[in-house]
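My structure is below; once you've seen it, I'll send some questions.
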Amino acid sequence: MDFTFNEDQLLFQEGVRDFLTNEVTPEKIRELWETDSGRSPALWGQLTELGLTGLTVPEAFGGMGMNELDFVLLAQECGYVALPEPLVQTVLVAVPTLVNSSNEDLKAKWLPQVAEGAATIAVGLEQNLLVEDAHIADLLLMEKNGNLYAVEQADVTLEYNQSVDPSRKLYQVSFDESRAMVVAEGDEAQALVNGALNRGALGCAAQALGLTQRMIDISVQYTSERTQFGVAIGTFQAVKHRMANVAVPLEYAKATVAQAAYAIANNVSSVDKNVSHAKSMACAASLLGAKNSIQVHGAMGYTWEVNLHIYMKRAWALDKTWGDQAFHKGRVAEAIFADDALLGAGNTFVR
Amino acid sequence: MDFTFNEDQLLFQEGVRDFLTNEVTPEKIRELWETDSGRSPALWGQLTELGLTGLTVPEAFGGMGMNELDFVLLAQECGYVALPEPLVQTVLVAVPTLVNSSNEDLKAKWLPQVAEGAATIAVGLEQNLLVEDAHIADLLLMEKNGNLYAVEQADVTLEYNQSVDPSRKLYQVSFDESRAMVVAEGDEAQALVNGALNRGALGCAAQALGLTQRMIDISVQYTSERTQFGVAIGTFQAVKHRMANVAVPLEYAKATVAQAAYAIANNVSSVDKNVSHAKSMACAASLLGAKNSIQVHGAMGYTWEVNLHIYMKRAWALDKTWGDQAFHKGRVAEAIFADDALLGAGNTFVR
Amino acid sequence: MDLNFTAEHDAFRQEVRAWLAANVPAEPLKTYDTAEGFQQHREWEAKMNEGRWGMVTWPSELGGRDADLIQWLIFEEEYFRAKAPSRVNQNGIFLLGPTLMEYGTDEQKAEILPKMADGTEVWAQGWSEPGAGSDMAAVRAKAELSDCGDYYIVNGQKTWSTRAVWADQCFGMFRTDPESKRHKGLTFILVPLDLEGITVNPIPQLDGLPGFAEIFFDNVKVPVNRRLGDEGQGWEVAMATAGFERGLMLRSPARFQQTAKRLVELYKENQASADRDPAIRDAVVKAYMAAESYCLTTFETACRLIKGGKIGAESSTNKIFWSELDQTMHEVAMDILAARAELEPFAPQAKGVGSWLDGFLFAQSGPIYAGTNEIQRNIIAERMLGMPRK
Amino acid sequence: MDLNFTAEHDAFRQEVRAWLAANVPAEPLKTYDTAEGFQQHREWEAKMNEGRWGMVTWPSELGGRDADLIQWLIFEEEYFRAKAPSRVNQNGIFLLGPTLMEYGTDEQKAEILPKMADGTEVWAQGWSEPGAGSDMAAVRAKAELSDCGDYYIVNGQKTWSTRAVWADQCFGMFRTDPESKRHKGLTFILVPLDLEGITVNPIPQLDGLPGFAEIFFDNVKVPVNRRLGDEGQGWEVAMATAGFERGLMLRSPARFQQTAKRLVELYKENQASADRDPAIRDAVVKAYMAAESYCLTTFETACRLIKGGKIGAESSTNKIFWSELDQTMHEVAMDILAARAELEPFAPQAKGVGSWLDGFLFAQSGPIYAGTNEIQRNIIAERMLGMPRK
């Protein structure tokens, strides 16, 4: 039993955090809002140089061969800066899905490109209403009629759907199966789809942790500087307790996210329950974080100028995608209300 | 449209409040805990002198001929002092049920006795697990197999069930129909039963308002006197906000209780919805009142010595009897989700 | 107690309903946070005034209908039911209007009220100053009487001025006694926004539109007849205005009841999906009950006021109750809409989302403006419950 | 990261399980808030000690098993699963014990620890004084060194002393420097409760039983060798003890997980009735998730501590999390039990109520004791988040 991240993982996180907080500033995000694609090839190049795009690509295909547990702290940092680039989707969702498939041609063609930063892959599941970043994806893994297809950018038709979060680029994707390659069918496809869904949900949960921390940090700074009635408003007990009330569920969501990442990386039998537990709790913490942060900002929190809304809007969106609260609480309910459920002390860690 | 109580009603309330707060003190309640019956014939005599026991008895039977709306503010005061005597049950529930029945013999025999303070009547519905104050009831109106029976004390068998609230005297009642009088059968019985349930629920709601106010008053006094870190703890914003958070739902439950009383007294068609709305909101306010009051009391609130628990325990009990939250929220849901429901602005006041 | 409307009430309701049915634009107006929408709303105010429906609570000699509070609530019920446009001049009609009637000179009333009524002059409020938040007494903007005594020279800054971007006039407190502190030495002044020396900077809000603005005053000369009340009486006048803000005229129950109705409808339309999360059904029921409670309590208060009662610190419960209810209802709607919740209404997949997202964003401001809910809780604890201040 | 128990862990678990299966009384003991129950629990502690299961984290030379935190958590899991008795001497074993090992003299350890371990001496804590609440530094009880230097003369009062009614010993801080204020000039002293001049007054709690007591000290002569640490070092010693209180040794996740399990079972037994209120199912699911989170976070912290990490202000999140979870779980249980909820377990109609009512009453104290949750929120805001103090 060792429920800690190792030194390498923590150092990697630190490096990525430094890079992201320096590069993916609120100003940078606002700049990207003004561009057509909303995405920065230059930034993607930097992420590639850091080894991030190839992190989960097997070494045989030019990647680092690391797993979901190695990436989860980095996904948290992506959340902390509200990264617009589709790093989580490509590295955490798409690549492992491809790797887990039996389609060697696809792997050979695409995984090296992903590792080199030359391609991104989007994933479209029926569970999700829309596909994130389909417009810049070179390849799309699409669930359709129970199968999983791989289809290239040239062969899809996209319809843009604007989100409240200007960084999020959402598309309805249509394609003709005849121009797509079958990745998997039947049970194999559904196993891959479920795996992708779990990875997508884990990505949301990890980002939600980062977003919540960011909203706390912004709020603490704001309330420490802003004075009213002659004192910093952060000295008011009501303001303090609002932020403490965010810190508590955040603190208790962290270990659930770690467990979920571990469960995915190690094929633990309780993986669905673990992921749903993490997604539900981490996103709930982030919603409370948004609500309490805007409140302690007063009217400033309601402005476009203050950066808070960048993170709030992402938190709102992530709560509802890759399975909403209903879906994830529902999966937990199914597990714990089952006749053969092993409940209570001593049953938390299973193989 | 006049959504106010009239001067007479308010004056009556004031008089009863003065009497009850002087007579039904926490010390008096603790004394009664030590008695066998838990009830005070002397107190009942005083309540009779005030005209309370006969309040809803028609004038023809020696009462004041007043209605549920006239009594609801008094029920609130009964809650404020956590009155142990079965005044609400007798006056608000039992008497109108009997008056609304077509059994003239029963009325002629029992109503004058109630008005004189010589008899109390308990009501046992299938909706309720147990019967309150069955041990001192001279007559019991009992729902059984779809009918409503009247049965005298001598003909019932009682089994005592101890409540967390030492003032509450709860009994399982069994009787032989052959020794009981039929008050009503079939539809008439069910109409009387539903009316009794609504009146019982209204009684709980009104008492919950009084209980909540009492818990606020006790807490405000305690936190104004108690010092910590050199200042009254009532100056801490966290303590203030806890109490303000009780005051808000209490304030907004009051008008629902008034509407419910009006609806019963005037046979308004939405009466079931109105009563359930009031019961749910008033009891929810009282639960929050209990929770926040014990918290601002610190460890003192956890003691038997401090009077707070007298009112907390009553609040906990009343939330769950005469229909619990599930029952009352369920009746509201049924009304608002009905296909022909009239929803939204302009539909609050119906005939 | 009599919870029936009188025949006169019913007749009044029918009259309102008929006029609205004939006049409410079939196409919703554009939001008044755009120039075009602002103009459309200004025209709507003019049409309302023509029909004498713009300020029903005003005296008839000022173009109103002498409506009492119950009639006002009936009017609002019909107004929200008819989905009539939001009131772009609510700062004027509901806040400054009644204040002027109490504190204004006959000349001021004659000059200002008619233009307010017909939408010729739309009013912005200048309550807040930068860095002051809910602290209304933290006024630094100055007004100095000119030597000749004809005008005030106004300097300083106001912020969070709702709709100021396209408004014509603004009211607020200015410090006329430079030695004074807090709520002393303040004077209530009405400032035309086209005067020289005024700069209005839009502040984009969460949806990106400029719903409010900062106003800079640089040696602005405001004629002395634009002072409302006496010099130094500003706090008293402002408290009267703020009382109207917290009072019954704004935040009609009808608004929240109609939201609750739409929420029930949204739930029913999406019931199969919504029932996957049992918390949703429960939240819808509770929200509906809360909206009804808000209505009941408001009618109760209105009846009490009509009979000569006073509104006290319990008006602070009002602010908390409606703002949290509004926030909750929109959160529940977001939960029902699930993945559609984040979509702008014009997105192709945004079927059935209606205006819930806009409403959700707007609801975020409820617990903040007109005195944050934290301030309201302090007021409730201290003034209503009598808890110690220090 | 490796979330599997080692073979040694599994073996340890089996050993605990086997011993408990053989030794846990078939009939639940009476509550230790009664004289008879107290004696039963004292005997249970002796039996635990015989099997060397009483203080598994203590060093083996003191009768413990040198268990690390993971083993401790495993022990607790088995202990709660086996429904073994509550620990009447937890103040001794988990709070004072570790403090003694850190600050005690060899003589003190030799004299005190064995009797603590076998239940001969049950310890009460004397943290609070009347009117001081969560303010541990508000100590007025005095201890004056006698002229001969052999003993302290102790005067004053302690309150909320858990289990003091039948306990043998009590620990607490006393003011040895009469000129000192707040957390200065305090000394940590261990007081035998049978000394002359001591009066213990039971305080009945919500269920009417004396779960705690006031202790009055009237010129009590306490031998100087009962001082723990140096004179004036009391605050430091107490902070170490309080750290153990907030730390991992108490409030085992297993306790809350077993409650969550029982809640799931209660829900399933009463599902038809419970599902009338959709909020209940949702609350059960959320409570179960929270209990699991508490377990996960505790194991994570334990692993971090084993690797040399430190526990900081985040231990304050711990207190809030478990106490609110415990309260919520019992509230939900009350909702499920509905009309049965108010009944004492021995009432004829109390079928299936189990110990939920007792648990509900006890859960009310969670957010209060060991520093109210308000105090914990201040600590989180100031020390963990770095918000300004004044």
Side-chain angles (χ1 to χ4, degrees), chain A residues 1-6 9 69 216-217 219-220 223-224 231-232 234-235 237 239-256 258-259 261-263 265-266 268 273-274 276-278 280-281 284 329-330 332-333 336-337 339 341 343-351, chain D residues 1-6 9 13 70 74 76-78 80-81 252-255 257-258 260-262 264-265 267-268 281-282 284-286 288-290 292-297 299-300 302-304 307 309 314 316-318 320-321 374 376-382 384-390:
Chain A
M1 171 69 56
D2 177 11
F3 204 153
T4 63
F5 289 94
N6 65 36
Q9 289 163 333
L69 190 60
I216 289 176
D217 290 350
S219 300
V220 168
T223 59
S224 300
V231 292
T235 60
Q237 208 179 19
V239 172
K240 282 184 184 165
H241 287 198
R242 274 208 183 254
M243 297 323 296
N245 285 343
V246 179
V248 173
L250 171 61
E251 203 60 24
Y252 281 85
K254 286 176 183 170
T256 70
Q259 185 198 32
Y262 178 89
N266 294 280
V268 173
K273 180 176 82 167
N274 299 151
S276 285
H277 181 188
S280 175
M281 291 199 64
K329 288 191 298 187
V332 173
I336 66 175
F337 295 145
D339 286 337
L343 300 173
N347 291 306
T348 302
F349 301 103
V350 297
R351 279 171 215 255
Chain D
M1 189 173 295
D2 176 2
L3 301 189
N4 295 304
F5 290 107
T6 61
H9 285 150
R13 184 189 293 278
I70 298 296
I74 291 170
E76 286 284 281
E77 289 184 346
E78 294 305 317
F80 278 93
R81 282 167 65 116
S252 296
R255 172 177 146 200
Q257 289 182 289
Q258 289 304 94
K261 175 181 195 250
R262 290 194 297 119
V264 168
E265 288 161 356
Y267 167 72
K268 288 176 74 174
R281 183 181 174 92
D282 187 58
V284 172
V285 173
K286 282 189 181 141
Y288 195 86
M289 290 197 291
E292 285 287 302
S293 296
Y294 186 65
C295 170
L296 291 167
T297 305
F299 270 91
E300 189 274 333
C303 291
R304 210 158 38 75
K307 284 176 123 179
E314 71 269 24
S316 288
T317 64
N318 172 332
I320 293 173
F321 195 83
E374 279 71 29
Q376 306 302 335
R377 288 192 177 90
N378 289 348
I379 294 173
I380 292 168
E382 292 168 9
M384 185 173 157
L385 306 182
M387 292 177 80
R389 276 174 201 229
K390 258 286 165 256

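Please read these numbers as outputs of a predicted model, since none were measured by experiment. We name chains A, B, ... by the order of the sequence lines, and we start the count at 1 in each one.
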Query - A:K240 side chain vs D:P388 backbone, donor-acceptor pair below 3.5 Å - result: yes
Query raised in the report: Taking side chain as C-beta onward, heavy atoms only, is D:M384 less than 4.5 Å from A:I216?
Result: no
Query raised in the report: Which bit of D:A260 comes within less than 4.5 Å of chain A, counting heavy atoms only: side chain, backbone, both or neither?
Result: neither
Report task. Rounded to the nearest 0.5 Å, what's the gap from CD1 on D:I320 to CG on A:N245? Could you check? Result -> 7.0 Å
Report summary line: When the 4.5 angstrom heavy-atom criterion is applied to A:A333 and chain D, the contacting part is both
Query raised in the report: D:I70 versus chain A, heavy atoms under 4.5 Å apart: side chain, backbone, both or neither?
Result: side chain
Query raised in the report: Which heavy-atom pair separates A:K329 from D:V285 by the least distance, and what is that distance?
Result: O-CG1, 3.8 Å
Query raised in the report: Do you know which two heavy atoms are closest between A:E251 and D:T317, and how far apart they sit?
Result: CG-OG1, 3.7 Å
Query raised in the report: Does the side chain of A:F3 come within less than 4.5 Å of D:L3's, by heavy atoms?
Result: yes
Report summary line: dist D:M387:CE -> A:H241:NE2 (nearest 0.5 Å) comes out at 9.5 Å
Query raised in the report: Is chain D contacted by the side chain of A:N274, its backbone, both, or neither, given a heavy-atom distance below 4.5 Å?
Result: neither
Query raised in the report: Could you give the distance from OH (A:Y262) to CG (D:N4), rounded to the nearest 0.5 Å?
Result: 4.0 Å
Query raised in the report: By a 4.5 Å heavy-atom criterion (distance strictly below it), what part of D:R255 contacts chain A: side chain, backbone, both, or neither?
Result: neither
Query raised in the report: Could you state the interatomic distance from CG (A:D2) to CE (D:M1), rounded to the nearest 0.5 Å?
Result: 7.5 Å
Query raised in the report: Which bit of A:A253 comes within less than 4.5 Å of chain D, counting heavy atoms only: side chain, backbone, both or neither?
Result: neither
Query raised in the report: With chain A, which of D:K261, D:R389, D:E77, D:R377 has the greatest number of heavy-atom pairs at distances under 4.5 Å?
Result: D:R377
**Report entry** Any D:V284 side-chain heavy atom under 4.5 Å of A:F337 side chain
**Finding:** yes
**Report entry** Distance (rounded to the nearest 0.5 Å) between D:M289 CE and A:T256 OG1
**Finding:** 9.0 Å
Requested in this report: Measure across A:T4 and D:E300 and return the closest heavy-atom pair with its distance rounded to 0.1 Å.
Outcome: CG2-O, 4.5 Å
Requested in this report: Among D:V264, D:T297, D:D2, single out the residue with the greatest number of heavy-atom pairs under 4.5 Å to chain A.
Outcome: D:D2
Report task. For each of A:N347, A:T223, A:I336, A:V231, tally heavy-atom pairs with chain D at distances under 4.5 Å, and name the one with the top tally. Result -> A:I336
Query raised in the report: Out of curiosity, A:F349 CZ to D:H9 NE2, how far, rounded to the nearest 0.5 Å?
Result: 11.0 Å
Query raised in the report: Would you find a donor on one side and an acceptor on the other, under 3.5 Å apart, between the side chain of D:Q257 and the backbone of A:G346?
Result: no
Query raised in the report: Can you say whether A:V248 sits under 4.5 Å from chain D via the side chain, the backbone, both, or neither, judging by heavy atoms?
Result: both
Report task. Using non-hydrogen atoms and a 4.5 Å limit, figure out which bit of A:M243 sits close to chain D: side chain, backbone, both or neither. Result -> both
Query raised in the report: Side chain, backbone, both or neither: which part of A:V239 has a heavy atom under 4.5 Å from chain D?
Result: both
Report task. Check whether any side-chain N or O of A:Y252 sits under 3.5 Å from a backbone N or O of D:F321 as a donor-acceptor pair, and report yes or no. Result -> no
Query raised in the report: Between D:R281, D:E78, D:E265, D:R262, which shows the greatest number of heavy-atom pairs under 4.5 Å with chain A?
Result: D:R281
**Report entry** Interface moiety of A:Q259 toward chain D, non-hydrogen atoms closer than 4.5 Å
**Finding:** both
Report summary line: Closest non-hydrogen atoms of A:M281 and D:S293, given as atom of the first, atom of the second and distance, are SD-OG, 2.8 Å
**Report entry** Side chain / backbone / both / neither for A:S219 at chain D, heavy atoms under 4.5 Å
**Finding:** neither
Query raised in the report: Non-hydrogen atoms of chain A under 4.5 Å away: do they reach the side chain of D:Y288, the backbone, both or neither?
Result: side chain
Query raised in the report: Between D:E292 and A:L343, is any pair of side-chain heavy atoms under 4.5 Å apart?
Result: no
Report task. Answer with side chain, backbone, both or neither: which region of D:E382 has an atom nearer than 4.5 Å to a non-hydrogen atom of chain A? Result -> side chain
**Report entry** D:L296 side chain near A:H277 side chain, heavy-atom distance below 4.5 Å
**Finding:** yes
